[in-house]
2 protein chains.
Amino acid sequence: MFEMKGCTHGHQSPPTTSYDTRQRILDAATEIFAKEGYGKATVRDICQRANANVAAVNYHFGDKEKLYSEVLMQTYQAMLNRHPTSGGVPEGASPEERLAGFIRAFCRRIYGGGPESYLSWMMAREMAEPSPALDDVVQKMVRPQQQQLIAILNALLGPGLPEQALRFAMGSVLGQILFFHYCRPVVERLFPERKGLLPDPDQLADAIAAVSIPGLKALRAKYERAQEGR
Amino acid sequence: MFEMKGCTHGHQSPPTTSYDTRQRILDAATEIFAKEGYGKATVRDICQRANANVAAVNYHFGDKEKLYSEVLMQTYQAMLNRHPTSGGVPEGASPEERLAGFIRAFCRRIYGGGPESYLSWMMAREMAEPSPALDDVVQKMVRPQQQQLIAILNALLGPGLPEQALRFAMGSVLGQILFFHYCRPVVERLFPERKGLLPDPDQLADAIAAVSIPGLKALRAKYERAQEGR
DNA sequence: TTTCATTTCAAACATGCGCTTGAATCAATA
DNA sequence: TATTGATTCAAGCGCATGTTTGAAATGAAA
């Protein structure tokens, strides 16, 4: 019987030969999981692309699902490192500027194209078919971003808003950002002349900010009116 | 060898015994495809729930994929019959009222709950993993709605807007509507105390209209300023 | 060189899947 | 009743998949 310790052998040698195989499998799996989805991706395909034996996945990761979890977490972490949530806007900037920065950073992550968007594809599939790995991803990766957005919205709208209004405001911003990504199959079929073209991240971000900032202020006014009218 | 004519036999008798089986399979398949997705749904499960033999799917529909196509088209048609796109707002109403009606009808379709939302689940899966049936659904079902929304936005924003701005405006409205549905797995994990609860359709629709109408007018102003500044 | 734990490998195992088959059943017609 | 075409059925075929297995290869330590 095998002992699946894999990476944490008692000796040293972090980048041993086995590590190479492990990393090759991770890289191949990232691409294939993103393009095919968890269900359609086969460990045979992954191992072939990684120049590894079929048994390598089970030896190094236990099973296909644990491999997927590691791919998802690692891809999310890599993306956060590359695109910090703030969008480069300093802490002390106005709420409007910070919201615009948040939107721009998010749009660049998603609509930047290339292998950097593997994470977006995987997350889109998680929405249709959540995997056991999603709990961890949300708690460790998504929640900090969401809290940052909530903080910005609180600053922009004033702290008196009911929780439900804050959730709606959050959904308003995120929904606008994600639409062209999550609904891409429909958008491509509605505008076939633009097939394969992604919206320009910065132009889209500007448009969303231009709608959201006046729009959210109007939303606050609506809630304040409802408060007074009671 | 069998001749798979199924429903269109040369004689009369629309609701013969065979039709019962066919319809039972359609109903069972609708539920299972919506809940499990095309890939995880098995024809064995479907036939068991329909009290039919495994071979019945192939006999009546040819194969699993043709069954799915029929389920998807039929479910979409049923939903459109039940929730007309206009939201009950008359043709001659103001663009603002028509937009609010469109948003409200859409939200009710999606967040109404119950088996009526089977379509939304299936469409969400189509976004992650488009099936061959999606082309037809978009052309026959989605496009008319999209053109209606575009017409409303044209009336609201004036006809001079560049195409890209119109697409962004369309995405802004639809993205806000769809967010809590398409990102439900993440939203549920971010707000576990609200797990299983859907946003109230009318409250959400009001909030989206309250953001979108002032927001979109601001977007137009931005494009007009860009036009002049050139 | 010998030893020994780690890693790789070809082969196959076990399972679940969509689909097919040919006979049995059913219902309408002559 | 006898005939005929449509439908149902139990059984199983063929295939792809995740996983296991036991042996072979590898490479550092003794």
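Note that the structure is a prediction, hence the values are computed from the model and not measured. Below, chain A is the first sequence line, B the second, and so on; all start at residue 1.
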Kindly list each side-chain donor-acceptor pair under 3.5 angstrom involving residues 101-108 of chain A, sequence neighbours excluded, with atom names and distances?
| from | atom 1 | to | atom 2 | distance (Å) |
| --- | --- | --- | --- | --- |
| A:Arg104 | NH2 | A:Asp206 | OD1 | 2.8 |
| A:Arg108 | NE | A:Asp202 | OD1 | 2.9 |
| A:Arg108 | NH2 | A:Asp202 | OD1 | 3.4 |
| A:Arg108 | NH2 | A:Asp202 | OD2 | 3.0 |

Enumerate donor-acceptor pairs with a distance under 3.5 Å from any side-chain N or O in residues 71-79 of chain B to protein atoms, sequence neighbours excluded.
| from | atom 1 | to | atom 2 | distance (Å) |
| --- | --- | --- | --- | --- |
| B:Thr75 | OG1 | B:Val71 | O | 2.6 |
| B:Tyr76 | OH | B:Gln145 | NE2 | 2.9 |
| B:Gln77 | NE2 | B:Asn81 | OD1 | 3.2 |

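Separating the CG atom of B:Asn53 from the C1' atom of C:dA23 is a distance of 13 Å, rounded to the nearest angstrom. The separation between A:Tyr59 atom OH and D:dT26 atom P is 15 Å, rounded to whole Å. Atom P of nucleotide C:dC17 and atom CG of B:Asn58 are separated by 15 Å, given to the nearest angstrom. The nearest whole Å value for the distance from the CZ atom in B:Phe61 to the P atom in C:dC19 is 13 Å. At whole-Å resolution of the value, CG in B:Asp20 and C1' in D:dT8 are 14 Å apart. As rounded to whole Å, 13 Å separates atom P of C:dT7 from atom CZ of A:Arg24. Going from atom CD of B:Glu65 over to atom C1' of C:dC17 covers 15 Å, rounded to whole Å.
Regarding contacts with the backbone of D:dT8, a side-chain N or O of B:His60 is found under 4.0 angstrom from either OP1 or OP2. For D:dT8, the OP1/OP2 oxygens have a side-chain nitrogen or oxygen of B:Thr21 closer than 4.0 Å.
The stretch residues 39-52 of chain B touches DNA chain D through B:Arg44, each having a heavy atom under 4.0 angstrom from the strand.
Looking at residues two or more places apart in sequence or on another chain, you find a side chain to side chain donor-acceptor pair (under 3.5 Å) between B:Arg143 and B:Gln139. Under the side chain to side chain contact (heavy atoms under 4.5 Å, CB included) criterion, A:Arg49 pairs with A:Ala28, A:Glu31, A:Ile32, sequence neighbours left out. The side chain to side chain donor-acceptor pair (under 3.5 Å) search around A:Tyr111 returns none, not counting sequence neighbours. The side chain to side chain donor-acceptor pair (under 3.5 Å) search around A:Glu116 returns A:Arg82, A:His83, not counting sequence neighbours.
Nearest-nucleotide mapping onto DNA chain D: of A:Tyr38 and B:Ala55, the residue sitting toward the 5' end is B:Ala55.
Across D:dT20, C:dT20, D:dG18, the shortest atom-to-atom separation from the side chain of A:Lys64 is found for D:dG18. Nearest nucleotide to the side chain of B:Asp63, out of C:dC19, D:dT7, C:dT8: C:dC19.
Note on the helix from C:dT1-D:dA30 to C:dA30-D:dT1: terminal axis deviation equals 20°, with five pairs used at each end and the result rounded to 10°.
By the 4.5 Å heavy-atom criterion applied to side chains, A:Leu178 and B:Tyr182 are not counted as neighbours.
Note on residues 126-136 of chain B: pairs passing side-chain hydrogen bond (donor to acceptor under 3.5 Å, both in side chains), not counting sequence neighbours, are A:Arg125-B:Glu129, A:Arg189-B:Asp135, B:Tyr68-B:Glu126, B:Glu126-B:Ser131, B:Asp136-B:Lys140.
Geometrically, B:Lys64 engages B:Tyr38 in a cation-pi contact defined by less than 6.0 Å to the ring centre and at most 45° from the axis.
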